[in-house]
Amino acid sequence: ERKKWVLEWPGQVVLLGSQIYWTRDIAEALRNEKSNPGSVKKAAEKCDRQLKEIIELVRGDLTPLQRKTLSALVVMDVHNRDVARKLAEDGVSSERDFSWLSQLRATYELKKVQKDDGSYDRKE
């Protein structure tokens, strides 16, 4: 659960992980928008819910480091929510739309690496 892991990991990990998940969720919504209208709007609503959860945490008892991490996360979440809302309002339904391409996105790819013996290993 996001409310839990944002308090357990270092700030940079939290911010990057959140951005990766946001990118994945919005990209998936855009891919589904034509076959399932409203997918982007639902993704924007999820962003809003997640932001509210983090704001609740900020109002609670936190260490100074947790507060700094969550303050930065709130800024990112507000921006991501606004982007998702704008995509929904504009009816964007493709990952190739400039409105999406112009956003800073973070992804993670798992790659296979061939070893000297010809076998494959996962490299992260």
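Numbers for residues simply follow the sequence, beginning at 1.
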Answer yes if Y21 and L30 sit in the same cluster of Ile, Leu, Val, Met, Phe, Trp and Tyr residues linked by side chain heavy atoms under 4.5 Å apart, and no otherwise.
no
Return yes if some donor-acceptor pair links the side-chain N/O of Q103 with the main-chain N/O of W100 below 3.5 Å, else return no.
no
Pairwise distance CG(D48) to CG(N80) - rounded to 0.5 angstrom:
12.5 Å
S18 versus L73, closest heavy-atom pair with distance
OG-CD1, 3.5 Å
Of the non-hydrogen atoms in A106 and T23, which two are nearest, and what is the gap between them?
N-OG1, 3.0 Å
Give, for atom CZ of R67 and atom CZ of R59, the distance between the pair rounded to the nearest 0.5 Å.
11.5 Å
Within one Ile-Leu-Val-Met-Phe-Trp-Tyr cluster: L51 and L62, side-chain cutoff 4.5 Å:
yes
How long is the gap from CD1 on I54 to OG on S71, to the nearest 0.5 Å?
11.0 Å
Salt bridge (charged side-chain N to carboxylate O under 4.0 Å, His left out): which pairs involve residues 26-37, sequence neighbours left out?
R31-E95
Is the shortest side-chain heavy-atom distance between L87 and I26 below 4.5 Å?
yes
Does the pair D77/R2 count as a salt bridge with the N-to-O cut at 4.0 Å?
yes
Starting from the C-alpha separation in whole Å, work towards a yes-or-no answer on side chain to side chain contact (heavy atoms under 4.5 Å, CB included) for R24 and I20.
CA-CA 6 Å; R24 183 204 61 189; I20 289 170; 5.5 Å; no
State, to 0.1 Å, how close K46 and D25 come at their nearest heavy-atom pair, and which atoms those are.
NZ-OD2, 2.8 Å
Under the side chain to side chain contact (heavy atoms under 4.5 Å, CB included) rule, what do T69 and V6 come out as? Steps first, then yes or no, please.
CA-CA 8 Å; T69 297; V6 297; 5.9 Å; no
Are the side chain of D90 and the backbone N or O of V92 linked by a donor-acceptor pair below 3.5 Å?
no
Considering all heavy atoms of both residues, which atom of S99 and which atom of S102 are nearest to each other, and what is their separation?
O-OG, 3.4 Å
Measuring from atom CG of L70 to atom CE of M76, what distance do you get when rounded to the nearest 0.5 angstrom?
12.5 Å
Restricting to non-hydrogen atoms, name the atom on V14 and the atom on W5 that form the minimum distance, rounded to 0.1 Å.
CA-CZ3, 3.8 Å
Are I55 and V75 connected in the hydrophobic side-chain network, where two residues link if heavy atoms are under 4.5 Å apart?
no
Within 6.0 Å of NZ in K68, more than 12 heavy atoms from elsewhere
no
Grouping I, L, V, M, F, W and Y whenever their side-chain heavy atoms are under 4.5 Å apart, do L15 and L65 come out in a common cluster?
no
For the CD atom on Q12, are there more than 12 heavy atoms of other groups (residues, nucleotides or ligands in this structure) within a distance under 6.0 Å?
no
Is there a path of hydrophobic side-chain contacts, each under 4.5 Å between heavy atoms, that joins W9 and V58?
yes
Working to the nearest 0.5 angstrom, can you tell me the gap between K41 NZ and R85 CZ?
11.0 Å
Between E53 (side chain only) and K3 (backbone N and O only), is there a donor and an acceptor less than 3.5 Å apart?
no
